[in-house]
Amino acid sequence: MQEEQIARGLADKIEKLAAGKEIKIMHVCGTHEYTITKSGIRSLLPKNVKVVMGPGCPVCVTPQAEIDAIVELAEKGKVICTYGDLLRVPGTKSSLYDSVGDIHIVQSISQAADYAREHPDREVVFMAVGFETTAPTTAAVLLTNPPDNFSVLVSHRLIPPAMKWLMEQGEANLSGFLLPGHVCTISGSEEYGQFKVPQVIAGFEPLQVMYGLYMLVKQIVEGRAEVENAYASAVKKEGNLKAKRMLSEVFEVCDIMWRGFPVIPSSGLKLKPQYEKYDALKKYGITLKGGAETRGCLCNEILRGVKDPVDCKLFGKACTPLKPVGACMVSTEGACRIWYTYGKAVKSVFTAKNTK
Amino acid sequence: MQEEQIARGLADKIEKLAAGKEIKIMHVCGTHEYTITKSGIRSLLPKNVKVVMGPGCPVCVTPQAEIDAIVELAEKGKVICTYGDLLRVPGTKSSLYDSVGDIHIVQSISQAADYAREHPDREVVFMAVGFETTAPTTAAVLLTNPPDNFSVLVSHRLIPPAMKWLMEQGEANLSGFLLPGHVCTISGSEEYGQFKVPQVIAGFEPLQVMYGLYMLVKQIVEGRAEVENAYASAVKKEGNLKAKRMLSEVFEVCDIMWRGFPVIPSSGLKLKPQYEKYDALKKYGITLKGGAETRGCLCNEILRGVKDPVDCKLFGKACTPLKPVGACMVSTEGACRIWYTYGKAVKSVFTAKNTK
Amino acid sequence: MEKLAAVQKMPEKVSLIHGAGGEMMQSLISGVFAAIRNNNAGGIGLEALDDGAAIPFGDQYIVLTTDNHVIKPIFFPGGDIGRLSISGTVNDLAMMGARPIALTNGVVIPEGFPIEDLRRIVRSVDETLEEAGCALVTGDTKVLPKEALDSIIINTAGIGITDNPIRDCGLKPGNKIIVTGTIGDHGIAIIAHREGFKFGSELRSDVAPIWKTVEAALDAGGVTAMKDPTRGGVASVLNEMARKSGVKIVVREESLPIRQDVRAAADMLGIDPLEVANEGKAVIGVEADRAEAVLEAIRKTRYGRDAVIIGSVEEGSGVIMKTRIGGQRFIEPPLGDPVPRVC
Amino acid sequence: MEKLAAVQKMPEKVSLIHGAGGEMMQSLISGVFAAIRNNNAGGIGLEALDDGAAIPFGDQYIVLTTDNHVIKPIFFPGGDIGRLSISGTVNDLAMMGARPIALTNGVVIPEGFPIEDLRRIVRSVDETLEEAGCALVTGDTKVLPKEALDSIIINTAGIGITDNPIRDCGLKPGNKIIVTGTIGDHGIAIIAHREGFKFGSELRSDVAPIWKTVEAALDAGGVTAMKDPTRGGVASVLNEMARKSGVKIVVREESLPIRQDVRAAADMLGIDPLEVANEGKAVIGVEADRAEAVLEAIRKTRYGRDAVIIGSVEEGSGVIMKTRIGGQRFIEPPLGDPVPRVC
Amino acid sequence: MCLAVLAQLKEIKGNVAVADFGGLTQEIRLDLLEEPRVDDWVLVHTGFAIQVVDEKEALEMKKVLDEVAAINEGMDNA
Amino acid sequence: MCLAVLAQLKEIKGNVAVADFGGLTQEIRLDLLEEPRVDDWVLVHTGFAIQVVDEKEALEMKKVLDEVAAINEGMDNA
Ligand code: SF4
Ligand code: SF4
Ligand SMILES: [Mg+2]
Ligand SMILES: [Mg+2]
Ligand SMILES: [Mg+2]
Ligand SMILES: [Mg+2]
Ligand SMILES: [Mg+2]
Ligand SMILES: [Mg+2]
Ligand SMILES: [Mg+2]
Ligand SMILES: [Mg+2]
Ligand SMILES: [Mg+2]
Ligand SMILES: [Mg+2]
């Protein structure tokens, strides 16, 4: 009940602060979306304060070409280890889930390496998705001599270059960013100073998110453009220096394509030459087939915050969580999936506010 | 009822003819054994006329090495086509039934060749077991251009050389032979003239078998040693000349090992050089591993008619139809299997004769 | 010590032969499932291993039975897994002398199974229910990954009502044995079809719900035992009835009703029609003086036209066949599922 | 036209999600199995899609239910497939208000299955029967080739008796919603165990036969609806009960009884405990003025100690959660089986 | 060895015939016969006709019956 | 991205620790931390500790409560 009081207090402040303005906030973290949705935060916010989801779900931004590659490896008899999130993401023809291969869901890359160690006769490939938070775990495992039958398909991406590219498009009508707390735990807050927009780093408990939103609305309304930290217990200015050292020991920055986006400069990670022996693509001679993404899918615009899922002609028709066309419909944190599942809850916001 | 009268009539004649003598007849045909067993013929015969089974079941005489070879081919991913009879025959480690391969039961080698034709992407191997009756069907298919993905593991054997070898052992206490009607349909009766023992060619209906037994007992009692034909409707003196021509076009005679026997000279068939491309062993580089047959198994002596299944220490203990040690326990017409399944019926013979 | 040895002889792993309805299945059941102590709700329970259980309720009995159906192919000449699943359970209830009332359907489907096939099965289920005069009242559906299961499995349980359950162990010396129709139709049709043998003429499964045939037999009076010769065929069922009843059954080969085409296919396949499943037949024991009346009543029903008396019950044990030529041999329960052979 | 379109939208093949207990399963059932016309034997039939069927018999009802059990692993912390198969059916009978009387067991075993595992399952079946006070009276055993099936499947059907069947569609505005214990224990334990995650402490399935808990609730009076939150979890069952009853259910997040370790594991696995199966719990609708009395009665039973009132019934539709921070959202039925996620 | 069944040739196309097995028909191969003719009775083994048999009656009980009847008489007279 | 959970280190062996997740313990890897110590509270993501957090309380409601209480008062006064 105390939590409820505090949340309502924050919501009231937000409403007062934002009165008369149209505010659109982008977060770039699937887990923020999850919290927002699961605790009904949108139902607490006034109509004129909108929260949209940016390119913050690693599953959503993994292009079909990379899915096709891991499916190809599965079909060639490699043991594929992956996080459960990626299981249903569709490639051109199939998802891992629908492929014929030997697919293991792991909770950690270190389970995948252990599996390879315990099964020296099998070839084990780990599908390494994730942003700054996850990439260091890949580095840590590669730095501790995994066995020869282990390799990774590196699909790591970096958040700030994507935000930069996004803002350069001009085409995104955004008032400010709620920054991803766990990404910043590794990368620190400094890097985000380059963006001259209101930004607040937030945690993931419902009240932490409410608190971050409150700080961000306040900053927007007050006309400031800084990086504020509402998650100071975990996020240091410099981030996790050891993790960053390990990252740069194993990886170097590269240009990379994002699903829904073109190639974004310096937004990806690739293995340095001395670790290339763990590169599954090189090891098994797989080339990523760039190619047309599915026609009609607006993932692109949705991730940029200029379209809503309901603007997509395929939404709920050709594209459903059961037969997703774009990745935004795949992840439980994908914008389309969330609108499909909880869409009606948006209505209940207003019902709630109108009837009370 | 008429059939019963006739059979009893024949049985009575046999009893009268054989009175005071110990007569032991060997048949060399699994289908004879099947008829004898299924129609309870032994229950009609007097105690002093015994009918035993010789090396007349192709499944029984196929050595482990050949089973091991076909299992190896199955494990290498070849499609194996086989007659159902062979399915459970144990090799050194496994039977086809227990192997992991893709095994098809066919009724005819021509189905196997058709399967190969319809599945040009699969490698199809047919396990060609059988005596003179079956070998011509293999020849016929090889003479009609089967596709390149088709080959055969030739396991054909000939009856007369085995009978010859058997008689040369001296160790078989036999009064005469009931000759295999369908083998003789192909090979004719002439060939058997070389054996100076009483012989009668018989058909397979219960009355035909009874009739053949009667003629044989009569010949034995009368001290003759000839080849008589009690199956004249199907068996000609010269046999099936066309089938024999096809046989000699495709095959040449070779020495070969029989399960329970050593290598018997000129008792096997191998492909002539121009048909070697269909030889599965050569095609896939498999060598037959000769080796010790399972210890303690008396198949050897049982097939020679000098031991009964119950003389075997393994019978019904380590060796049962579910876990057969020797092939005589595998085939429904194998002597051990028949004794295991119908053994009690032997008692019912005497019960029947004593209580009536 | 004897018994202990028998238990120890149980193999370590279940093999196909344990499911083939013969002796090995009996040994699996008696070696493993018989350990259940909570096996009886007051009437005929699990220990009886009859076609079903019977539970007293007021002055009647509720009969309960269950069967899993795992047939391949699922659509076959003369029927499909839907008709089979309803018939199998209706017939087990009938074998206990019970009028079938309500059935359940527990379906396990492999991922990727065509919805249209499912619809076809459901239509067939419904038609068979209609014919049998009972209802499918509750169900359950599970889906398994394609790697875990390769074809649909349907469990059907059911309840029926009877004043007087019929056992499979009620044979008495002097009884006659009736088979309600031709033997081996289902098993031979399935094997021929499954193995892809091309037969010009149509071998057809006999799968059918035969409650009305059984009802006619019961109404005629004098029925002492019933069992449906499914897995393991007539050979297996005769042995089980003889063993449980403590009697000997003597069958005359020439009286066995076997269709000409079934006989021909069986000869070609090297399979004994006595050892394969029937899915629309009953083996019925009847008091000798009621045998003709019961036979006549059965023959008047749709699925009983070819009924015959195939033998009789004597003191002793085992099942003996008097062969066509006057020989005799035991009819043994088959060890495993029959496989076509050529020699 | 609307309806036709919905039917045409049915996919061509069955997929795993059709078996996950959510909306897709409903659509499979209503699109395919609902075509059965012979679906009712006089009381509550297949059309109700309740926990079981009820058939009038004299002045009582025979309740009939069935479930297939396909769980992996077959032995798991807190139970095994044997205990599950008995509990699942006992509980479905209980959910209909019926005292469980007799169960069936239809087992499908893959070739190569260890006999010792089978013995262990059978022991567990027997212990659970003992605890539930009912009997396993008849069974069926099939064996499939190892290529055709990879793990044992057990179907359990069962009958129970009641004077007065309880429906899942009986909720009325004003009713209170009780959950008889902690939520998500089974599903979270299974997923954690199955995925090989190494948890030091023991997450345990709640699998149990809860007839005695249900009986206490019924004796206290005022129960309007019951359903057991198995596949699809509490999220699925609340939606089904609301939809069938034509009401809205409002649940308070903070009242939901979730064990500390289940919550922790669920957080780590990224899975919602509301969306996973429970195997020893009931969701019960009660008249408001009997709610406290029913709750008290439930809490006195072995499997009802952690029972709580989690919400109430209002006019309207859907299931709403009032979140801890005062927000609100729909609780939607899960689409498929939950998969662990890391982001 | 070796299971063989009696059948009658109904139709011949090259080295294949439709054969009647007593209520059932199946295609069989004729490669092993010199001059098969429609209505011939043949012995069929593993899908191949292996021999034309003299007459249908030849394989039926009739001939055996006669022979045996003769034997029985002969023996009884003896 | 990215699910992370709070846990307390209970036992450390090289780069692996047993961590308590509130009633549950699991092994996690410490590779990414400079100087982990038993009793430290850490954020765990995909089986790795990614940061030591200042205090347990830091991540709990308490701090937020206090801050927000202050804000509420401030605002109300404003
Ligand atoms: S609804 Fe589907 S197709 Fe449309 S934008 Fe979303 S993911 Fe892409
Ligand atoms: S009983 Fe078995 S081991 Fe003994 S002779 Fe027969 S087959 Fe060989
Ligand atoms: Mg039965
Ligand atoms: Mg049954
Ligand atoms: Mg049955
Ligand atoms: Mg169910
Ligand atoms: Mg019965
Ligand atoms: Mg239920
Ligand atoms: Mg149920
Ligand atoms: Mg259930
Ligand atoms: Mg059964
Ligand atoms: Mg209910």
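Each chain gets a letter, A, B and so on, in the order its sequence line appears, and its residues count up from 1. Excluded from the calculations below are hydrogen atoms, water molecules and symmetry mates; all remaining heavy atoms, backbone and side chain alike, are included. Computed from a predicted model, the values in this text were never measured in an experiment.
Remark: T185(B) OG1 to I50(E) CD1 distance equals 5.0 Å, nearest 0.5 Å. Taken from CZ in F204(B) to CG in L43(E), the straight-line distance is 9.0 Å, to the nearest 0.5 Å.
Side chains of T46(E) and Q107(B) form no contact here, defined as non-hydrogen atoms less than 4.5 Å apart. Using a 4.5 Å heavy-atom threshold, the side chains of Q51(E) and H182(B) count as separate.
Nearest approach of R29(E) to S110(B), heavy atoms of both residues: NH1-CB, 3.4 Å. The two residues L32(E) and N240(B) make their nearest non-hydrogen contact at O-ND2, 3.0 Å.
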(request) Starting from the C-alpha separation in whole Å, work towards a yes-or-no answer on side chain to side chain contact (heavy atoms under 4.5 Å, CB included) for D31(E) and L143(B). (result) CA-CA 10 Å; D31(E) 308 50; L143(B) 285 166; over 6 Å; no
(message) Please determine whether side chain to side chain contact (heavy atoms under 4.5 Å, CB included) holds for the pair F48(E) and I109(B), giving the CA-CA distance in whole Å, both sets of side-chain angles, and the decisive distance to 0.1 Å.
(response) CA-CA 9 Å; F48(E) 285 75; I109(B) 182 175; 3.9 Å; yes
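A salt bridge between E35(E) and K242(B) is absent, with no side-chain N of the basic residue lying under 4.0 Å from a carboxylate O of the acidic one.
Counting only N and O atoms by type, the side chains of H45(E) and T134(B) include a donor and acceptor under 3.5 Å apart.
When heavy atoms are compared at a cutoff of 4.5 Å, V141(B) approaches chain E by way of both its backbone and its side chain.
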